[in-house]
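Below is one structure; the comments refer to it alone.
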Protein chains: 2
Amino acid sequence: MARNSQAGGTARSRIARSRAGTRPRPGRTRSGNGSAHNDLLNDEIGLDALAGHAGYAVRRFQIWIFQDFIRTLAAVDIRPTQYSVMTVIGANPGLSQMAVAKRLGIERARLVHLLDSLEHRDLVSRIKSATDRRSHALHLTAQGRTALAQFKRLAAEHERHVAEKIGKENRERLLQILSAFT
Amino acid sequence: MARNSQAGGTARSRIARSRAGTRPRPGRTRSGNGSAHNDLLNDEIGLDALAGHAGYAVRRFQIWIFQDFIRTLAAVDIRPTQYSVMTVIGANPGLSQMAVAKRLGIERARLVHLLDSLEHRDLVSRIKSATDRRSHALHLTAQGRTALAQFKRLAAEHERHVAEKIGKENRERLLQILSAFT
DNA sequence: GGAAGATTGTTGTTGACGACAACAATTGCT
DNA sequence: AGCAATTGTTGTCGTCAACAACAATCTTCC
């Protein structure tokens, strides 16, 4: 543990470059290296063909948004997945591990470790279900409830960072577009 | 190798559930398990508080979109990152590994393995730079160029899947919102 | 011109994460 | 009662981001 925080300023802001209209027709087969003028322009590359790919933009955005989340909640040492688990349990106490895993789209094998760490920190507790002795009923501890309240405040701050980054109405439109995946 | 393809139908389509308007006010501290009616409604949980979080929606969407990309390009055994590397090199022949890594936001350590695999498949080649004997000038091989053309056709098909999933104009608006990250 | 520092490619480690397989305990079905 | 399915758990494998260390090479500065 104690490795999470890496807030290290990896949030480089060199993004948002201008999309130059010149398409260089790169198909040139010349195997000879393009003389010496390649060395210094490596800050204006222009990846052209990648611009129209949703997956690439989403991946880059996802990396940024997770880094900001981790950094914003570094003081409480909570990662996005842990937060989502606690949120679901907090909103639906008594759920089984299977139910939480299915709801969040994570595997139950993975949830085991997540719950182990959260249980060690006295944030959630597994209570043996009386109706089904295979399963555990998941609850937040009293400490977990007050902690989650603070996590939510920090998460709201993170959400404000997102709004600053892409614009308030763009963020809402994004949530609307992706609501099918929530 | 030969493990990539796992197109295995893991693309579960149980997403896009209806958001029931009933919020159950879950704060109830009753540690007693909610009798037996928890067992069967585990398909309508309602995670409520997670709905307003951009990061969660983006993560779920990113998982879906990558799985579709991998499945759509499974026949040529190309993953999203490999595709992005080849695209950048194809559009800017002669770049150094550092330049490609910085442009794509991946670490140069990671790029080493990516290029190893692509070079073993005779898709790209590292040519020792004459002007800076530390660096390599990256080029597509002739085989790599024709292969990339096919990859782009398959990627376009994948992009159509995205449009089918979230709507054509929603996809374009998404690309526009996230253009700062491209 | 030569020492000190930075850069480039490389190797290796760590940790989070998704996918999968196997297993014991328990439940459900018939 | 007997057999299939479910639940939590453990373990393995592969991907990926983040670091650290290193040799070779460039750059800078005295």
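What you see below is based on every heavy atom in this structure, not just the backbone, and it leaves out hydrogens, waters and symmetry mates. Chain letters run A, B, ... following the sequence lines, proteins first, then strands; residues in each count from 1.
Classified by interplanar angle (parallel below 30°, tilted 30° to 60°, perpendicular above 60°), the ring pair A:H161/A:H158 is perpendicular.
For A:L104 and C:dA19, the CG to P distance is 14 Å, given to the nearest whole Å. As a whole-Å value, the separation of B:L114 CG from D:dT15 C1' is 10 Å. One atom, CD1 of B:I106, and another, P of D:dC16, lie 9 Å apart when rounded to the nearest Å. If you measure from atom CD1 of A:I70 to atom C1' of C:dC17, you get 12 Å, rounded to the nearest angstrom. Whole-Å rounding puts the B:R79 CZ to D:dA17 P distance at 11 Å. D:dC26 atom C1' lies 14 Å from atom NZ of B:K128, rounded to whole Å. Remark: P of D:dT10 and CG of A:L111 are 13 Å apart, rounded to the nearest angstrom. The distance between atom NZ of A:K102 and atom C1' of C:dG18, rounded to the nearest whole Å, is 18 Å.
At D:dC26, one or more side-chain N or O atoms of B:R133 fall inside 4.0 Å of OP1 or OP2 (strictly under the cut-off). Remark: A:T81 is in phosphate contact with C:dC17, judged by side-chain N or O atoms under 4.0 Å from OP1 or OP2. Within the 4.0 Å cut-off from OP1 or OP2 of D:dG11, not a single side-chain nitrogen or oxygen of A:R110 is found. OP1 or OP2 of D:dA17 has not a single side-chain nitrogen or oxygen of A:Q67 nearer than 4.0 Å. Residue B:R59 places at least one side-chain N or O closer than 4.0 Å to OP1 or OP2 of C:dG18.
Residue A:T81 comes nearest to A:S84 through the heavy atom pair O-OG, 2.7 Å, listed as atom of the first residue, atom of the second, then distance.
When the nucleotides C:dA19, D:dC19, C:dG18 are ranked by their closest atom to the side chain of B:E107, D:dC19 comes out on top. Here the nucleotide nearest the side chain of B:A109, chosen from C:dT26, D:dG11, D:dA20, is D:dA20.
Residues B:D116 and A:R108 both approach DNA chain C. Their nearest nucleotides, taken by heavy-atom distance, put B:D116 toward the 5′ side. When each of A:R126 and A:R134 is assigned the nucleotide of DNA chain D bearing its nearest heavy atom, the one mapping closer to the 5' terminus is A:R134. Remark on DNA chain C: of its neighbouring residues B:V112 and A:F66, the 5'-side contact belongs to B:V112, judged by nearest-heavy-atom nucleotide. The residue among A:M98 and A:I63 whose nearest nucleotide of DNA chain D lies closer to the 5′ end is A:M98.
Among the protein residues, B:Q97 comes within range of the sugar-phosphate backbone only, with heavy atoms under 4.0 Å from sugar or phosphate atoms but none that close to a base. A:H136 comes within 4.0 angstrom of sugar-phosphate atoms only, judged by non-hydrogen atoms across all strands, and of no base.
Residues B:V124 and B:V100 fail the side-chain proximity criterion, which asks for heavy atoms closer than 4.5 Å. Proximity of B:I127 to B:H136: side-chain heavy atoms (C-beta onward) are nowhere separated by under 4.5 Å.
Ring-centre distance between A:H53 and B:F69: not below the 6.0 Å cut-off.
Between the side chain of A:T141 and the backbone N or O of A:D122, at least one donor-acceptor pair lies under 3.5 Å.
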